[in-house]
Amino acid sequence: MCGIVGYVGHRDCADVLLDSLSKLEYRGYDSAGIAVFENDKIITEKTKGALKNLKDKLGDGHKPKGVCGIGHTRWATHGEPSDTNSHPHGSAKVSIVHNGIIENYIDIKNFLIDKGYEFASETDTETVAKLLDYYYDGNPVETIKRVLSEVKGAYGLGIIFADFKDTIYAVRKDSPLIVGVGKEENFIASDVPAIITYTRDYYLIESDEIVTLTKDNIEICDIHGKQLVKELQHADWDIEAAEKGGFEHFMLKEIHEQPTAFRTTIKPRIMDGMPFIEECGITREMLAGYHKIFIVACGTAMHAGLVGKYIIEKLARVEVTVDIASEFRYRNPVITKEDLVILISQSGETADTKAVLTMAKELGAATLSVVNVKGSSIARESDFVLYTHAGPEISVASTKAYMVQLSVMYLLAFELAYARGVISEDECRKYTSVLEEMPEKINEVLKLKDRCQFIASRLVNSQSLLYIGRGLDYALSMEGSLKLKEISYIHSEAYASGELKHGTISLVTEEMPVIAVATQSDLLEKTISNVKEVKARGGKVSMICSEKVDVDKEIANHLIKLPDVEDLFMPILAIVPLQFIAYYTSVLKGCDVDKPRNLAKSVTVE
Ligand code: M6R
């Protein structure tokens with residue numbers, strides 16, 4: 001959720017921190033702050049609202065001058081977004097930035113109040129800062145160890161001590177943390193985009209490892225003080241990937257990156273015309289043997305899982321259940337050692353998805369994660385990982401990550417179906433070659449953006465919308481609806497078309513636009529009947545279907561026709577107009593497309 005950064009080196013620290021924070025704003029934007037050593041003193045500047053507010057505040061001569069400091073961009077958990085609740089928090093001795101949640105902060109706070117401490121903020125973080133102050137004995141690492149032995153919860157912490165003006169300390173537990181390695185400069189950050197302007201080399205920090213960072217030296221030790229030697233990681237993308245590159249918003253850029261992201265993700269997994277996913281360690285023999293498949297994820301990633309369920313069940317004839325991670329983890333699911341649990345996550349850090357991974361492992365099931373962020377917790381902790389190669393996704397609304405998650409679902413479905421002997425090698429090759437053609441088809445669909453913009457102009461003043469579809473189109477409707485509400489704040493609901501008559505159709509009036517997704521030919525007639533029922537009640541219908549179907553002009557008010565591909569592959573195309581419709585509606589409403597209110601990109605708390 002929150003983003004933390006730290007810099008020690010030779011540059012203007014405040015400039016580096018502000019720049020790095022701007023790359024992490026997708027993690028939270030309720031407030032921002034920095035603490036920098038200036039002439040041996042820690043100077044803290046922080047303010048409520050987006051990073052821009054802090055930049056404006058510091059612009060008129062208030063930027064602390066120094067070469068070592070820490071910074072934070074916040075997604076509020078404890079205490080409303082306010083100047084006082086903004087990070088960094090601290091005392092005369094110490095200053096900290098924190099990403100995560102301290103579960104026992106009330107106990108710590110009461111303990112410290114008894115010792116005479118006063119608290120300015122409502123945050124859990126301030127209790128850690130004050131506990132560091134309380135135990136500080138001149139030895140930062142020993143003090144950190146002592147504090148960590150009393151703190152329960154999740155944290156990525158960046159810490160500076162007033163007595164050590166050239167040094168940053170950092171530690172994590174269940175919240176991400178990396179150390180960027182530069183020349184005469186080093187960094188800490190929650191995520192790689194924060195450092196990529198300065199270096200592509202970094203270390204992944206594990207839970208309970210303590211980092212001591214100066215401009216020329218990096219020491220990493222475990223909680224018992226043992227020095228660790230870590231493998232240097234190298235980010236294989238550059239700064240352009242994390243910038244808007246001429247597009248008005250990251251979301252628009254990321255929608256346009258989908259053909260490339262799709263190609264890059266599937267290419268290494270196709271060999272001699274056949275799917276090849278053994279690189280992750282999962283063999284055909286294993287795939288043939290799993291009893292049941294569970295797909296568990298949150299939000300958009302869960303919607304990708306729904307498409308996965310349809311295509312895996314259709315092709316491989318194995319039972320697949322799809323669940324929301326926050327529900328699944330508490331419903332005591334029947335998982336056995338014979339089952340495969342697939343976790344889908346762009347960030348690889350989503351708290352609920354991670355909890356399901358832990359649970360599945362405890363129950364002895366095999367775990368396979370489909371993750372975009374290299375080295376993230378879910379990727380590291382699962383038995384097998386299939387990385388998607390979307391590059392950094394900055395916009396909070398997920399688009400290209402969903403697209404590449406779909407691409408992996410298809411490969412997995414082909415591989416499972418072939419491994420289980422349900423489809424022949426020829427059939428498997430045929431499906432795989434269609435998949436390889438999809439980036440070109442997505443490119444064609446991108447040309448429909450003006451049409452989508454027009455449809456958005458018809459929706460922008462609505463209070464509420466319905467998305468309807470059957471089968472795969474229902475799964476798509478759910479994602480289209482989520483995208484719209486997430487970034488345009490217009491309420492919408494996705495409904496299985498066949499369910500309308502069981503209650504929801506009473507909502508349909510002239511004021512309630514309906515988006516019908518109707519790409520599946522075997523269900524087309526049925527969906528068209530449902531659309532007619534909606535129209536008969538005054539509903540204004542925009543319909544997304546294949547160019548091969550001859551839909552009577554009277555049936556829908558607006559039509560979007562997609563290039564002709566086999567029905568099974570239609571989700572890969574149909575999602576694009578749904579993304580565009582949400583995007584342009586948000587733009588027309590004047591919303592902050594990339595940073596919708598109340599949200600953060602990476603949900604690392606429950
Ligand atoms: O990082 P993850 O894929 O695990 O995130 C899951 C959801 O939080 C995420 O997909 C969310 O629903 C998106 N912001 C929707 O656009």
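Scope of the values below: all heavy atoms of this structure, side chains included, with no hydrogens, waters or symmetry mates.
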Visitor: May I ask you to decide if I255's main-chain N or O and Q258's side chain share a donor-acceptor pair within less than 3.5 Å?
Guide: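 Yes; at least one donor-acceptor contact below 3.5 Å.
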Visitor: Counting only heavy atoms not in R380, do more than 12 fall under 6.0 Å of its CZ?
Guide: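 Buried by this count: over 12 neighbours within 6.0 Å.
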Visitor: Test your reading of the model: is there a side-chain donor-acceptor pair from Q520 to the backbone of D567, 3.5 Å cut-off?
Guide: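 Yes, Q520 side chain to D567 backbone: donor-acceptor pair under 3.5 Å.
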Visitor: Ion pair present between E209 and R172, side-chain N to carboxylate O less than 4.0 angstrom?
Guide: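 Looking at E209 and R172, the cut-off is not met.
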Visitor: Among residues two or more places apart or on two chains, list those pairs meeting salt bridge (Lys or Arg N to Asp or Glu O under 4.0 Å) that have a residue in residues 261-272.
Guide: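 Sorted pair list: R263-E440, R269-E279.
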Visitor: With sequence neighbours left out, which residue pairs that include part of residues 294-313 fulfil the salt bridge (Lys or Arg N to Asp or Glu O under 4.0 Å) condition?
Guide: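 Listed once each, the pairs are K309-E313.
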Visitor: If you look at every heavy atom in L51 and E25, which pair is closest and at what distance?
Guide: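 Scanning both residues completely, I find the closest heavy atoms to be N-OE2, 3.0 Å.
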Visitor: Applying side-chain contact (heavy atoms from CB on, under 4.5 Å), name anything that partners N372, two or more places apart in sequence or on another chain.
Guide: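 With sequence neighbours excluded, N372 shows a side-chain contact (heavy atoms from CB on, under 4.5 Å) to Q346, T388, A390, given in chain and number order.
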Visitor: Within the structure provided, determine whether L573 and P563 are in side-chain contact (heavy-atom separation under 4.5 Å).
Guide: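 Yes, close enough: below the 4.5 Å cut-off.
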Visitor: How long is the straight-line distance from CG of L177 back to CD of E206, given to the nearest 0.5 Å?
Guide: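 If I round to the nearest 0.5 Å, the distance is 10.5 Å.
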Visitor: The criterion is side chain to side chain donor-acceptor pair (under 3.5 Å); which residues satisfy it with E393, sequence neighbours excluded?
Guide: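 Expected list: S398, K601.
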Visitor: Restricting to salt bridge (Lys or Arg N to Asp or Glu O under 4.0 Å), what partner residues turn up for R429, sequence neighbours left out?
Guide: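 Scan of R429 (salt bridge (Lys or Arg N to Asp or Glu O under 4.0 Å), adjacent residues dropped) gives E425.
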Visitor: For the CD atom on Q227, are there more than 12 heavy atoms of other groups (residues, nucleotides or ligands in this structure) within a distance under 6.0 Å?
Guide: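 For Q227, atom CD is crowded (more than 12 foreign heavy atoms under 6.0 Å).
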Visitor: What is the distance from atom NZ of K483 to atom OG1 of T399, rounded to the nearest 0.5 Å?
Guide: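 Between K483 NZ and T399 OG1, I get 7.0 Å after rounding to 0.5 Å.
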Visitor: Could E257 and K253 be called an ion pair, given the rule that one side-chain N must be under 4.0 Å from one carboxylate O?
Guide: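 Salt bridge: yes.
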Visitor: Apply salt bridge (Lys or Arg N to Asp or Glu O under 4.0 Å) to D19 and list each qualifying residue two or more places apart in sequence or on a separate chain.
Guide: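 Here the qualifying residues are K23.
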Visitor: Would you call K361-E381 a salt bridge at under 4.0 Å N-O?
Guide: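 Between E381 and K361 there is no salt bridge, as every charged N stays at least 4.0 Å from the carboxylate O atoms.
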Visitor: Taking atom OG of S175 and atom NZ of K173, what is their separation to the nearest 0.5 Å?
Guide: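 Answer rounded to 0.5 Å: 9.5 Å.
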Visitor: From T350 OG1 over to M302 CE, what is the distance, rounded to the nearest 0.5 angstrom?
Guide: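 T350 OG1 to M302 CE: 13.0 Å, rounded to 0.5 Å.
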Visitor: Judged by atom type as modelled, is there a donor-acceptor pair below 3.5 Å linking the side chain of E338 to the main-chain atoms of K292?
Guide: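 No, E338 side chain to K292 backbone: no donor-acceptor pair under 3.5 Å.
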Visitor: Are any non-hydrogen side-chain atoms of P275 and C428 less than 4.5 angstrom apart?
Guide: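 Yes, side chains in contact.
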Visitor: Tell me if a side-chain donor or acceptor on T367 pairs with a main-chain N or O of D383 at a distance below 3.5 Å.
Guide: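 Side chain of T367 to backbone of D383: a pair is present.
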Visitor: Atom CD1 in I266, atom CG in L411: separation rounded to 0.5 Å?
Guide: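 The CG atom of L411 is 6.5 Å from CD1 of I266, to the nearest 0.5 Å.
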Visitor: Pick out which of V171, L228, I220 makes a side-chain contact (heavy atoms from CB on, under 4.5 Å) with I205.
Guide: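 By the side-chain contact (heavy atoms from CB on, under 4.5 Å) criterion, I205 pairs with just one of V171, L228, I220: I220.
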Visitor: Do P571 and Y310 come close enough that some side-chain heavy atom pair is under 4.5 Å?
Guide: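 No; the side chains remain at least 4.5 Å from each other.
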Visitor: If you round to the nearest 0.5 Å, how far is CD1 of I70 from CD1 of I4?
Guide: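 One finds 8.5 Å between CD1 of I4 and CD1 of I70.
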